[in-house]
*Asks:* 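Before I ask anything, here is the structure I am working with.
Throughout, protein chains are lettered first and strands after them, A, B, ... in sequence-line order, and every chain is numbered starting at 1. All values derive from a computational prediction rather than experimental measurement. Note that these values count all heavy atoms, side chains included, but never hydrogens, waters or copies made by symmetry.
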Number of protein chains: 2
Amino acid sequence: MRPLIHPPIEDITVEGILHALSDPVRVAIYAELAGATCTSICSNFLQVSDRSIPKSTLSQHFRALREAGLVHSERRGVEMHNTSRCMEIEQRFPGLLPAILSAHNVQSADRARAIKRKQAAARKLGS
Amino acid sequence: MRPLIHPPIEDITVEGILHALSDPVRVAIYAELAGATCTSICSNFLQVSDRSIPKSTLSQHFRALREAGLVHSERRGVEMHNTSRCMEIEQRFPGLLPAILSAHNVQSADRARAIKRKQAAARKLGS
DNA sequence: TCTATAGTTCGTAACTTATGAACTAAAGAA
DNA sequence: TTCTTTAGTTCATAAGTTACGAACTATAGA
């Protein structure tokens, strides 16, 4: 088992962060981690936004987040405990992560609203 | 020649924006466009951050920016005129683009500083 | 020592991206 | 009109990246 790679803060790039967060599963995971007050284990994310993720894929997603510098991971027994490195990144790129998370929230809210509207329309047609 | 695709503002996604800007050439182009007060033609970017970009590649990069919703392009005669759609995006995802551009500036400044340091060290060794 | 759990690695198929070569479309010159 | 130049696009393909099942490792607990 190869060791976990956590880039030092000065090696973290904007491009790397944007690429890592340009995947819907990874932003969703990152948003959860950034909002959490304690560590989360990988298997908490086998279901993400109503989609189930194969565990090999999930493992790669965590690796991507880790190697982009977004999360810190630590093996504890059989589990992997993850936290967001948001404080550090906020120091280096102030405002970047909050802006991305807020945009992600806007988008989620818009989507939820669109789905509700669609369901209401379907009910109306059905009745 | 297929028509230019400009997604309507409500179809623009955060993931799409982040993906488009996760390429160093594209952020550099976008940063220029966003800072400009008038339109820029594609061929202005055949040189970007000291790297020359083949024009077929450049064409694809502009397509990526356009289809992510980041830029508006318009053919005028033989040229393609591009502007950033920053106002619209600011409405939908407030603060997102400013934060990315500011992070990009931080990173550019850090890199410039690192290069200067290296050059100074090289001069010292050489003398 | 056996079993279960949590995650990783590997192989491969599917997708994406970069680029040279050949192309189109407009503008201006002859 | 026809030729030439300029600016950008499209296509084919090679290179790189990603997703995921199957097989694996490492730890914990029975």
Side-chain angles (χ1 to χ4, degrees), chain A residues 1-6 13 15-30 32-33 38-68 70-83, chain B residues 1-6 13 15-30 32-33 38-68 70-83:
Chain A
M1 238 168 204
R2 61 170 83 109
L4 303 177
I5 293 165
H6 293 102
T13 64
E15 291 88 341
I17 291 175
L18 300 189
H19 178 252
L21 298 180
S22 71
D23 177 279
V25 172
R26 286 193 299 256
V27 234
I29 292 174
Y30 184 76
E32 279 275 323
L33 286 180
C38 60
T39 64
S40 301
I41 62 171
C42 297
S43 57
N44 288 345
F45 299 94
L46 285 167
Q47 283 284 332
V48 158
S49 10
D50 295 327
R51 216 159 82 66
S52 77
I53 314 294
K55 63 182 189 159
S56 59
T57 304
L58 193 60
S59 177
Q60 299 302 339
H61 281 319
F62 270 97
R63 181 149 86 105
L65 290 169
R66 186 167 53 241
E67 298 191 353
L70 285 162
V71 317
H72 180 92
S73 312
E74 199 189 333
R75 281 192 248 269
R76 288 198 212 149
V78 80
E79 295 169 338
M80 182 80 111
H81 287 247
N82 301 282
T83 49
Chain B
M1 238 168 205
R2 62 169 83 107
L4 302 179
I5 293 167
H6 292 103
T13 65
E15 291 89 341
I17 292 176
L18 299 189
H19 179 250
L21 297 181
S22 72
D23 178 281
V25 172
R26 288 194 299 256
V27 234
I29 292 174
Y30 184 77
E32 278 277 322
L33 287 180
C38 60
T39 64
S40 303
I41 63 171
C42 297
S43 57
N44 288 345
F45 300 94
L46 285 168
Q47 282 285 333
V48 159
S49 8
D50 295 325
R51 215 157 83 65
S52 76
I53 313 293
K55 64 184 188 160
S56 60
T57 303
L58 193 60
S59 178
Q60 300 302 339
H61 281 318
F62 271 97
R63 181 150 87 103
L65 288 169
R66 186 164 56 242
E67 300 192 353
L70 285 162
V71 319
H72 180 92
S73 313
E74 200 188 334
R75 280 192 248 268
R76 288 197 211 149
V78 80
E79 295 169 339
M80 180 80 111
H81 287 246
N82 301 282
T83 48

*Asks:* Shoot me the first and last contacting nucleotide of DNA chain C against chain B, ordered 5' to 3', at under 4.0 angstrom to non-hydrogen atoms.
*Replies:* dT17(C) to dA27(C)
*Asks:* In Å, rounded to the nearest 0.5 Å, how long is the span from NE2 of H61(B) to CG of D23(B)?
*Replies:* 4.5 Å
*Asks:* Tell me whether E67(B) at atom CD has more than 12 heavy atoms from other residues, nucleotides or ligands lying less than 6.0 Å away.
*Replies:* yes
*Asks:* Using a heavy-atom cut-off of 4.0 Å across all strands, would you classify D23(A) as base, sugar-phosphate, or nothing?
*Replies:*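 Sugar-phosphate: the residue D23(A), judged by heavy atoms under 4.0 Å, touches backbone atoms but no base.
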*Asks:* Rounded to the nearest 0.5 Å, what separation is found between the CZ atom of R63(A) and the OG atom of S73(A)?
*Replies:*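 Between atom CZ of R63(A) and atom OG of S73(A) there are 11.5 Å.
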*Asks:* Kindly compute the distance separating CG (L21(A)) from CG (L21(B)), expressed to the nearest 0.5 Å.
*Replies:*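 L21(A) CG to L21(B) CG: 12.5 Å, rounded to 0.5 Å.
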*Asks:* Angle between ring planes, H19(B) versus H19(A), binned at 30° and 60°: parallel, tilted or perpendicular?
*Replies:* tilted
*Asks:* Could you grab the distance from atom CG of N82(B) to atom CD1 of I41(B), nearest 0.5 Å is fine?
*Replies:*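 The distance works out to 9.0 Å.
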*Asks:* In this structure, how many angstroms lie between the P atom of dG16(D) and the NE2 atom of H19(A), rounded?
*Replies:* 16 Å
*Asks:* Return the value, rounded to whole Å, for the distance between atom CZ of F62(A) and atom P of dC20(D).
*Replies:* 15 Å
*Asks:* For S22(A), run the side-chain contact (heavy atoms from CB on, under 4.5 Å) check against L18(B), T13(B), I17(B) and tell me which one passes.
*Replies:* L18(B)
*Asks:* Once you round it to whole Å, what is the distance between P of dC20(D) and CD of Q60(A)?
*Replies:*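 Atom CD in Q60(A) sits about 11 Å away from atom P in dC20(D).
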*Asks:* Pick the closest DNA chain D nucleotide for S43(B) and for T57(A) by heavy atoms, then say which residue is nearer the 5' end.
*Replies:*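 Its nearest nucleotide lies further toward 5', so the answer is S43(B).
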*Asks:* To the nearest Å, how far apart are N44(B) CG and dA7(D) C1'?
*Replies:*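 Rounded to whole Å, this separation is 12 Å.
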*Asks:* Send over the distance from E74(B) CD to dA7(D) C1', rounded to a whole Å.
*Replies:* 16 Å
*Asks:* It should be established whether S59(B) places a side-chain nitrogen or oxygen under 4.0 Å from OP1 or OP2 of nucleotide dG8(D).
*Replies:* no
*Asks:* Mapping C42(A) and R26(B) onto DNA chain C by nearest heavy atom, which one lands closer to the 5' end?
*Replies:*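 It is C42(A), whose closest nucleotide lies nearer the 5' terminus.
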*Asks:* Which donor-acceptor pairs under 3.5 Å do side chains of residues 48-55 of chain A form with protein atoms, sequence neighbours excluded?
*Replies:*
none

*Asks:* Whole-Å distance between dT6(D) P and I41(B) CD1?
*Replies:* 13 Å
*Asks:* Could you tell me whether R63(A) contacts a base, only the sugar-phosphate backbone, or nothing, with contacts defined as non-hydrogen atoms closer than 4.0 Å?
*Replies:* nothing
*Asks:* Whole-Å distance between dG8(D) C1' and H61(B) NE2?
*Replies:*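 Rounding to the nearest Å, NE2 of H61(B) and C1' of dG8(D) are 15 Å apart.
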*Asks:* If I take atom CD from residue E79(A) and atom SG from residue C42(A), how far apart are they, to the nearest 0.5 angstrom?
*Replies:*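 If I round to the nearest 0.5 Å, the distance is 9.5 Å.
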*Asks:* Would you mind reading off the distance between I53(B) atom CD1 and dA7(D) atom P, rounded to a whole angstrom?
*Replies:* 17 Å
*Asks:* For every nucleotide of nucleotides 22-28 of chain D, 5' to 3': is a protein heavy atom under 4.0 Å from its base (B), only from its sugar-phosphate (S), or from neither (-)?
*Replies:* B---BBS
